[in-house]
Amino acid sequence: MTAPVFVVDSLEGVGPGAVLTLDGPEGRHAVSVRRLQSGEDVVLTDGRGRGAAGVVLRTEGKDRLIVEPSEFPTEPEPTPRITVVQALPKGDRGELAVETMTETGVDAVVPWAAARCITQWKGERGAKALAKWRATAREAGKQSRRLRFPEVADAATTKQVASLLAEADFAAVLHEEGAEPLATAELPAEGSIVLVVGPEGGVSPEELAAFAEAGAKPYRLGRSVLRTSTAGTAAAALLLGRTGRWS
């Protein structure tokens, strides 16, 4: 089993000879929940591509872990960068989508209030939902042993999504009718890929037109129809394999 991962605020400038303290909620989880002891392996990360791997020197109280790192792994900026624009699903399926996309390797997730979304993020409810998505990305990043966690952006309008698509090196909308397969699309070797996953009711004709004007073409995954909470993960896996990021 690989060493557990915990998050610290920053690892900038940390190198050989450093002794690090993990405290707060992460320290409490390490000491009181995981019950880590002196001599056990552990990895600390700031979630921005930097890591510090070493052993536990000691624990202090119920929420402080003292770590002596011996290795300083890094996770470079990925290329091509993969962003998934995820329409808001019902219930907790949004967190499921974020969790599995994070584990798969997506670099950014943009919540999208599509016209046919039943769920709408407004006011305090929207803020809480966004916080859940971000917490899910953080926990899934730790679980999957990532050093660079995906960014979860603020909820976007259709106009904002179109602007994002216009800036991408490859822009795609998952769609069924008359679409060519994503498996045969010509992909860039670097730059950015932006993929739109619509709601259960599908992307509206007006949204498709706006995205087409921004340069995004419709693509399909296969013969089966996936739910919005799983389509992004399946598409991301295909893209990661085809671009060589899984090689």
Side-chain angles (χ1 to χ4, degrees), residues 1-84 95-109 131-153 189-193 232-233 236-237 239-247:
M1 180 179 294
T2 56
V5 175
F6 297 93
V7 180
V8 295
D9 290 336
S10 176
L11 288 174
E12 187 172 359
V14 173
V19 174
L20 304 176
T21 299
L22 181 69
D23 53 15
E26 289 286 283
R28 180 173 294 275
H29 184 73
V31 176
S32 299
V33 179
R34 294 296 298 264
R35 299 185 181 278
L36 295 181
Q37 302 294 325
S38 299
E40 292 193 74
D41 293 330
V42 67
V43 175
L44 306 182
T45 181
D46 57 11
R48 294 185 290 276
R50 292 182 286 260
V55 297
V56 177
L57 287 180
R58 64 183 183 276
T59 62
E60 296 178 354
K62 296 181 179 180
D63 61 358
R64 288 171 63 87
L65 195 75
I66 311 302
V67 177
E68 182 178 30
S70 57
E71 297 180 12
F72 302 90
T74 59
E75 187 175 321
E77 286 277 4
T79 186
R81 177 178 169 85
I82 298 175
T83 297
V84 175
E95 289 98 278
L96 173 64
V98 172
E99 179 181 52
T100 54
M101 285 191 290
T102 297
E103 293 172 354
T104 302
V106 161
D107 305 301
V109 179
K132 284 184 178 180
W133 281 34
R134 287 173 172 165
T136 298
R138 173 186 169 109
E139 293 305 311
K142 290 163 55 179
Q143 180 65 35
S144 55
R145 307 303 193 260
R146 291 181 63 167
L147 299 181
R148 187 177 296 278
F149 299 166
E151 172 193 354
V152 178
E190 54 187 26
S192 65
I193 293 174
T233 299
L239 293 172
L240 287 161
R242 292 199 56 219
T243 56
R245 284 185 49 183
W246 268 7
S247 61

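This chain uses plain numbering: 1 for the first residue, then up along the sequence. Note that the structure is a prediction, hence the values are computed from the model and not measured.
- Side-chain atoms of Arg34 do not come within 3.5 Å of backbone N or O of Ser32 as any donor-acceptor pair.
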Worked verdict on Glu77 versus Arg148 for side-chain contact (heavy atoms from CB on, under 4.5 Å): CA-CA 8 Å; Glu77 286 277 4; Arg148 187 177 296 278; 3.4 Å; yes

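- When every heavy atom of Gly39 is checked against every heavy atom of Val55, the shortest pair comes out as O-CG1, 4.0 Å.
- Across all their heavy atoms, Ala3 and Val43 have their closest contact at CB-CG2, 4.0 Å.
- Between Lys142 and Glu26, the shortest heavy-atom contact is NZ-OE2, 2.8 Å.
- Scanning both residues, Ala237 and Trp246, for their nearest heavy atoms gives CB-CH2, 3.6 Å.
- Distance check, rounded to the nearest 0.5 Å: OG1 of Thr104 to CG of Leu239 gives 11.0 Å.
- The distance from atom OG of Ser144 to atom CD of Glu139, rounded to the nearest 0.5 Å, is 10.5 Å.
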Please tabulate, for side-chain N and O atoms in residues 7-24, each donor-acceptor pair with protein atoms closer than 3.5 Å (sequence neighbours left out).
| unit_1 | atom_1 | unit_2 | atom_2 | d |
| --- | --- | --- | --- | --- |
| Ser10 | OG | Glu12 | N | 3.2 |

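- Shortest non-hydrogen contact noted between Pro73 and Ala52 is CD-N, 4.2 Å.
- Going from atom CD1 of Ile82 over to atom CE of Met101 covers 11.5 Å, rounded to the nearest 0.5 Å.
- Thr243 meets the side-chain contact (heavy atoms from CB on, under 4.5 Å) test with Pro80, Leu187, Ile193, Arg245; sequence neighbours excluded.
- Distance check: Leu36 CG to Arg58 CZ gives 15.0 Å after rounding to the nearest 0.5 Å.
- The two atoms that bring Ala97 and Thr233 nearest to each other are O-OG1, 4.1 Å, heavy atoms only.
- Side-chain atoms of Thr45 come within 3.5 Å of backbone atoms of Gly47 as a donor-acceptor pair (strictly under, hydrogens ignored).
- For the atom pair CD of Gln37 and CZ of Arg35, the computed distance is 8.5 Å after rounding to the nearest 0.5 Å.
- Judged by distance alone, with hydrogens and angles left aside, the side-chain atoms of Thr59 form no donor-acceptor pair with the main-chain N or O of Leu65 at under 3.5 Å.
- Here the CZ-CZ distance, from Arg134 to Phe149, works out to 15.0 Å after rounding to the nearest 0.5 Å.
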